[in-house]
Amino acid sequence: MTGPRCRRKQRPSGRPGPRGTRAPQHPTPDAGWTARRAAGAAGAEARGRDLPPQRKPAKPTAPAKGRPERGDFVQLPVPIIQQLYHWDCGLACSRMVLRYLGQLDDAEFEQALQELRLTRSIWTIDLAYLMRRFGVRHRFCTQTLGVDKGYRSQSFYRKHFDTEETRVNQLFAQAKTCKVLVEKCRVSVQDIQAHLAQGHVAIVLVNSGVLRCDLCSSPPKYCCFTPSGPRCFCRSPDYQGHFIVLRGYSRAAGCVFYNNPAYADPGMCSASISNFEEARTSYGTDEDILFVYADS
């Protein structure tokens, strides 16, 4: 298999610039898929909704009573874009991030997917290459530089493990040459909060069967998207990989804010830090987190 293209496209003038490990299945898309995806994406975006930008806190030496200190509360205006299929949550998250950065062009995005050969099997390393393709500064942190062979026995990975193992390992091997920043490291909640406090965002791989939104109606708490609509995996003992976009946190409430591409309503989601940590460190995620920087 030939390696991925590493050419970085020049950002058009005037355009503002301010780690799963996968979602399954890798057959070649049927004829007309790109056109349907582009049309569906427009509708999905229309169903999503943006929250208003965060109001900047005042600068007194002593904050008013009850007002959070700077850095204690962050809520970034990341738009919500719904995924179209059961496998493209990572692509929907990438679209959210690029739109937040002011760099999303639908035609260019579809071209990038074809150049990078991103179809129905999306791993975190694929999203890192996608960010590089758009010239976006990033840092992919993971616990495994390649494919963990232990995942072969997991139902989520088993069906396409053999065909994907070679492709994904090759992407890791070529990352440095292609200027895709990958690090084997462990990330703390404090590291994540410091990143978000600077106005940056992150795409995180979680076990959707564990992650629980405290703002969504219950029951059910929808975890993933299927062709027939949202489906809850909350009672499933098996790992279910899913990508989300981190957009903020509240130290006082002890929670993180995120966008779940599985559905557009009710909007922004929130989970306790303990639940978020359990979901993102579940076996199967490799603790993948893709930090994306707004000053790209």
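Every residue two or more places apart in sequence or in another chain that forms a side-chain hydrogen bond (donor to acceptor under 3.5 Å, both in side chains) with Arg251 is listed here: Asp72, Gln193. Taking Leu181 as the reference, His138, Arg139, Glu183 meet the side-chain contact (heavy atoms from CB on, under 4.5 Å) condition, with sequence neighbours excluded. By the side-chain hydrogen bond (donor to acceptor under 3.5 Å, both in side chains) test, Asp191 pairs with Ser188, sequence neighbours left out. Scored by the side-chain contact (heavy atoms from CB on, under 4.5 Å) test, Ala253 finds Ser250, Cys255 as partners (sequence neighbours excluded). Ala197 pairs by the side-chain contact (heavy atoms from CB on, under 4.5 Å) definition with Val74, Tyr249, not counting sequence neighbours. Shown here are the side-chain contact (heavy atoms from CB on, under 4.5 Å) partners of Thr281, two or more places apart in sequence or in another chain: Glu287.
In this structure, Tyr293 and His195 have side chains that are in contact, with non-hydrogen atoms separated by less than 4.5 Å. Between Val97 and Phe134, every side-chain heavy-atom pair lies at or beyond the 4.5 Å cut-off. The side-chain heavy atoms of Glu108 and Leu98, taken from C-beta on, include no pair separated by under 4.5 Å. Proximity of Thr285 to Tyr239: side-chain heavy atoms (C-beta onward) are separated by under 4.5 Å at one or more points. Looking only at side-chain heavy atoms (C-beta outward), His242 and Asn207 stay at 4.5 Å or farther from each other. Residues Val180 and Phe140 form no side-chain contact, since every pair of their non-hydrogen atoms from C-beta on lies 4.5 Å or further apart. Counting heavy atoms from C-beta outward, Trp123 and Val147 have side chains that approach closer than 4.5 Å.
No donor-acceptor distance shorter than 3.5 angstrom exists from the side chain of Asp88 to the backbone of Leu91, with no hydrogens or angles considered. Judged purely by atom type and a 3.5 angstrom limit, Asp286 has no side-chain atom pairing as donor or acceptor with the backbone of Asp288. Distance alone, capped at 3.5 Å, places no donor-acceptor pair between the Tyr129 side chain and the Leu116 backbone. One N or O on the side chain of Asn259 and one on the backbone of Pro79 form a donor-acceptor pair closer than 3.5 Å.
The shortest non-hydrogen separation linking Val210 to Asn275 is O-ND2, 3.0 Å. When all heavy atoms are compared, the tightest approach of Cys269 to Leu215 is C-CD1, 4.2 Å. The two residues Pro261 and Met96 make their nearest non-hydrogen contact at CB-CE, 3.5 Å. Considering all non-hydrogen atoms of both residues, Ala271 and Leu211 come closest at CB-CD1, 4.0 Å. Across His200 and Val292, no two heavy atoms sit closer than the pair CB-O, 3.2 Å. Among all heavy-atom pairs drawn from Tyr263 and Ile80, the shortest one is O-CG2, 4.2 Å.
One distance of note links CG of Leu196 with CZ of Phe257; it measures 10.5 Å at 0.5 Å rounding. Put simply, OG on Ser94 and CG on Leu130 are 4.5 Å apart, with the number rounded to the nearest 0.5 Å. Cys213 SG to Ile244 CD1: the interatomic distance, rounded to the nearest 0.5 Å, is 10.0 Å. Separation of atoms CD (Gln198) and CG (Leu76) is listed at 10.5 Å; rounding is to 0.5 Å.
In this structure, Tyr258 has its ring center at least 6.0 angstrom away from the ring center of Phe243.
Here the options are Leu101, Val245, Leu246, the test is side chain to side chain contact (heavy atoms under 4.5 Å, CB included), and the partner is Val78; only Val245 passes. A salt bridge (charged side-chain N to carboxylate O under 4.0 Å, His left out) with Asp126 holds for exactly one of Arg133, Arg117, Arg132, Arg167; it is Arg167.
Side-chain N/O atoms of Gln75 and Arg247 include no donor and acceptor closer than 3.5 Å.
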